[in-house]
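Since the structure comes first, as structure tokens, the remarks are kept for the end.
First listed ligand is number 1; within each ligand, the first listed atom is number 1.
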Amino acid sequence: MALQASELTREWLTVYRTALDQMLQGEPVASVLHELSSGIAQFLPEAIVSILSVDENNCVHHLADHNLPQEYINSINGLPIGPSAGACGTAAWRKEVVICSDIESDPLWVDYRHMALPHGLRACWSVPLIDNDNIVLGTFAIYHNHPKAPSSSEQSIVDYASSLVLLVLRHGRLEGHRLLLKEGLERSPVPFLIMAASRRIIAANQAAINLFGYEHQSLVGQTIENLSSSRTGHETLNEIAHIVGSGEYWRGEMYARHRDGEDIPVEISVTSIPGIDHKPQSYFIQLLDLRDQHADRQELERLAFYDTVTALPNRTLLNDRLSMALADTRRAGEYGALVFIDLDHFKRINDVYGHSHGDQVLRACAEKLSGALRETDTLCRLGGDEFIAVLRFSATDPVIASRHALKVAKKMEDALTLPLQAEGHTHRLSASMGVSIFPKVLESVDDLLREADTAMYRAKASGRQTIVLFDPSMHDEVSNHYNLEQDLRIALEMNQLRLYLQPQVNPTGQWIAAEALLRWEHPVRGLVPPLQFIPIAEESGLIIAVGEWVLTQACQLLAQCEQAGKPLKIAVNVSARQINDSHFVAMVERILRNTGADPLHLTMEVTESVLLGNADTTADKMHQLARLGVHFSIDDFGTGYSNLGYLRHLPLRELKIDKSFVQDVCQSPDDAALVEVMLTIARHLGLRVVAEGVESLPQSEFLIKHQCDYMQGYLFGKPEPAQELVAAWLGRQ
Ligand code: C2E
Ligand code: CA
Ligand code: CA
């Protein structure tokens, strides 16, 4: 039955509309094509319609048909296309129409005719369905039950029909892609939003819903303002709107707002999607949750600027805060103060209880110190047992500021001296503090720190638990101190040290021993007294080498007198720092061996401060040396805080009454009483007593009357160059 041209057109339109409707309604491609196959068949009576797809592996698959035998469909499903693979396989391969008017004789069917012929299929015309990108999506074929070539009208029907089929396939392909994209976005762990020009969200994926904590329904419809934290600010949002509104891409960081009100740091990128008029119509927003990154960054910042033990600002942050404080006070014409706080004897806590306990104590100290400060002040930890407080006052007068600063420092000290509990132990701490007022003209942060440090040092030197206000004259002292230390380093090599001896006598005035006293013959300064350079030597550690030199000299003199048959007893001063040195005992033994001096003639004068370190170790070392025959004498007795109980455990032979008591023994009844007490204590402990600094006859008479064993002082002889005194000793009698 042939159709008239007008009818034909109408019929085609119906077929076309049916397919279009089905596509718009989202029907599966296969069923649209199936319907289409039947529709096409009405234009070609007797024709059998077959639509195949071609996959990425170049194999064909049945998509839809009209009257094609199922068995045949099964046999060709999955076959590869090729240069001579029947009509469809070859058309897809060549990308051109293939007409096989007689399957039985057609060479392209050599391998396939056994499949077709049994089902009565005798002719096949096949059109490849090629997409715009030159990809073969499938084939459209017409079979006949008898050999047949297409007439020209049949050819145009096939052309038209195949273009319709291609349209459906193309739609199916796009739809497939769209579904994949949709599915991908939906499943992506990256949050996405789509926003309309009205600034309302019109779509969101699951990750976005999770990020904002909304139900899907309620996230859609929110305005972008609702989803942003107030920290982001309207200006930023307007700026973004302006940029993406002009079609550009925006990317940056801002804060999103969770439904619960939490601010979430995010990186967002906004892409505008143009509408039909090519103007941005909606916006594709991609978000990146930065919470983890922010936490990492904050942790890094904390490590870089805060002390890990006390959580106080560290040196780096201090420098920052100080330069700000300097600038602020300069601008405001106000004053502030820097307090350098150094805990006294903190090292002992670390040594005795271990570092983790020490850290606990430091934390407790930090708390006490902060408690004494106001909010506008800053407490920092420099490291070790050193803290810095930066104080701000509204004072416009440096004197008033100093007064305030000293008051605050005192408050901190009072807080520190209260008993402190840590892990079941009670500690009583104190600190030495140096205070410096700022700003001064042309003063840098470093200058300021140095000043407070200098003042703190002065506090330490004047017996700890003291607060000292920096005074510019300290500058000279500091540089003097520094120069002396540098010179002392070379004094040993340059042979500038001299040993002097001062005689010690018994009550009848007989010379029985001598104390070795050190002198430094400085090439420029002349004779530097030991009270000036010994503390520097102790502080810098040079005392170890200096002490070794003194001991060697003294032992050589001992050996010299022993060899001359007139042994002299020599007392050498040994400072705490020397005894605490781990090689001390070995060093003494070596010197005794090398010089051949008899240890019995050697006395070591130590002050009570030796016991401030690790008292047990010190006592142990003294016992080792005492076993060799060395005598120990406790020097400057009465000036320190003696622990008499502990002194009993030391191998002491002698006690030296400090010259400060001897000096006033005839004028001050108090000192007289004290000297008497010391003599009693000594007798009680079984120690002989040497009184030092005896300058007058009445002094010596008092001492003799109270049974003092030996005396030393200008009355009997000043310290003199050792060789001269030894010559005098050897030449006597
Ligand atoms: P020190 O051990 O108390 O020494 C006694 C000090 O009193 C010496 O001062 C001595 O010259 C001084 N002196 C002696 N007789 C009199 C007197 O009648 N009146 C007065 N006013 N003073 C008298 P020097 O020699 O200046 O030594 C000072 C300190 O330096 C010593 O005090 C000692 O602590 C330390 N020192 C000296 N030599 C050494 C040494 O080789 N090693 C160590 N570690 N310290 C030393
Ligand atoms: Ca001495
Ligand atoms: Ca003394």
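Heavy-atom contacts from other residues, nucleotides or ligands closer than 6.0 Å to CD of E701 number more than 12. More than 12 heavy atoms of other residues, nucleotides or ligands lie within 6.0 Å of CZ in F661, so this atom counts as buried by the packing criterion. Taking a 6.0 Å sphere around CZ of R498, one finds it holds more than 12 heavy atoms contributed by other residues, nucleotides or ligands.
Within the 3.0 Å limit, N573 places at least one N, O or S atom next to the Ca ion (ligand 2).
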Please tabulate, for the side chains in residues 669-690, all donor-acceptor contacts under 3.5 angstrom to protein atoms that are two or more places apart in sequence or on a different chain.
unit_1, atom_1, unit_2, atom_2, d
T680, OG1, E676, O, 2.8
R688, NE, E654, OE1, 2.8
R688, NH2, E654, OE1, 2.9

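Pairs of residues two or more places apart, or lying in two chains, never qualify as salt bridge (Lys or Arg N to Asp or Glu O under 4.0 Å) while including a residue from residues 709-719.
Under a 4.0 Å criterion applied to the non-hydrogen atoms of G713, ligand 1 contributes the atoms 15 (N), 18 (O). Ligand 1 places these atoms under 4.0 Å from at least one heavy atom of V694: 18 (O). Atoms of ligand 1 lying under 4.0 Å from at least one heavy atom of R519, given by number and element, are 11 (O), 25 (O). Within ligand 1, the atoms closer than 4.0 Å to a non-hydrogen atom of L517 are 4 (O), 8 (C), 10 (C), 11 (O), 25 (O), 37 (C), 38 (N), numbered from 1 in the order shown. Heavy-atom proximity to P719, at under 4.0 Å, picks out these atoms of ligand 1: 11 (O). Set against the non-hydrogen atoms of Q502, the atoms of ligand 1 under 4.0 Å away are 14 (C), 15 (N). Residue Q663 approaches ligand 1 through these ligand atoms, each under 4.0 Å from one of its heavy atoms: 21 (N). Residue-ligand proximity, E515 to ligand 1, at heavy-atom distances under 4.0 Å covers atoms 2 (O), 4 (O).
Put simply, the side chain of H706 gets close to the backbone of F702: a donor and an acceptor are under 3.5 Å apart.
By the 3.5 Å distance cut-off applied to N or O atoms, E538 is not counted among the residues near ligand 1. For Q712, no nitrogen or oxygen atom sits less than 3.5 Å from a nitrogen or oxygen atom of ligand 1, counting backbone and side chain alike. Between D658 and ligand 1, no pair of N/O atoms sits closer than 3.5 Å.
Each of E692, E515, K659 was compared with Q712 under the side chain to side chain donor-acceptor pair (under 3.5 Å) criterion, and only E515 meets it. With respect to Q360, the side chain to side chain donor-acceptor pair (under 3.5 Å) criterion is satisfied by exactly one of Q421, H427, E423: E423.
The N, O or S atom of E605 with the smallest distance to the Ca ion (ligand 2) is OE1. Atom OD2 is the N/O/S atom of D635 found closest to the Ca ion (ligand 2). Atom OE2 is the N/O/S atom of E515 found closest to the Ca ion (ligand 2).
Under 4.0 Å from ligand 1, the heavy atoms of E692 that appear belong solely to its side chain.
Between E386 and R381, none of the side-chain N atoms (NZ, or NE/NH1/NH2) sits under 4.0 Å from a carboxylate O, so this pair counts as no salt bridge. Between D385 and K347 there is no salt bridge, since no side-chain nitrogen of the basic residue lies less than 4.0 Å from a carboxylate oxygen of the acidic one.
The closest non-hydrogen atom to atom 43 (C) of ligand 1, taken over N573, V546, D636, V550, comes from N573. Residue nearest to atom 7 (O) of ligand 1, selected from Q532, K659, Q578: K659 (by heavy-atom distance).
In this structure, the side chains of F637 and L647 come closer than 4.5 Å at one or more pairs of heavy atoms.
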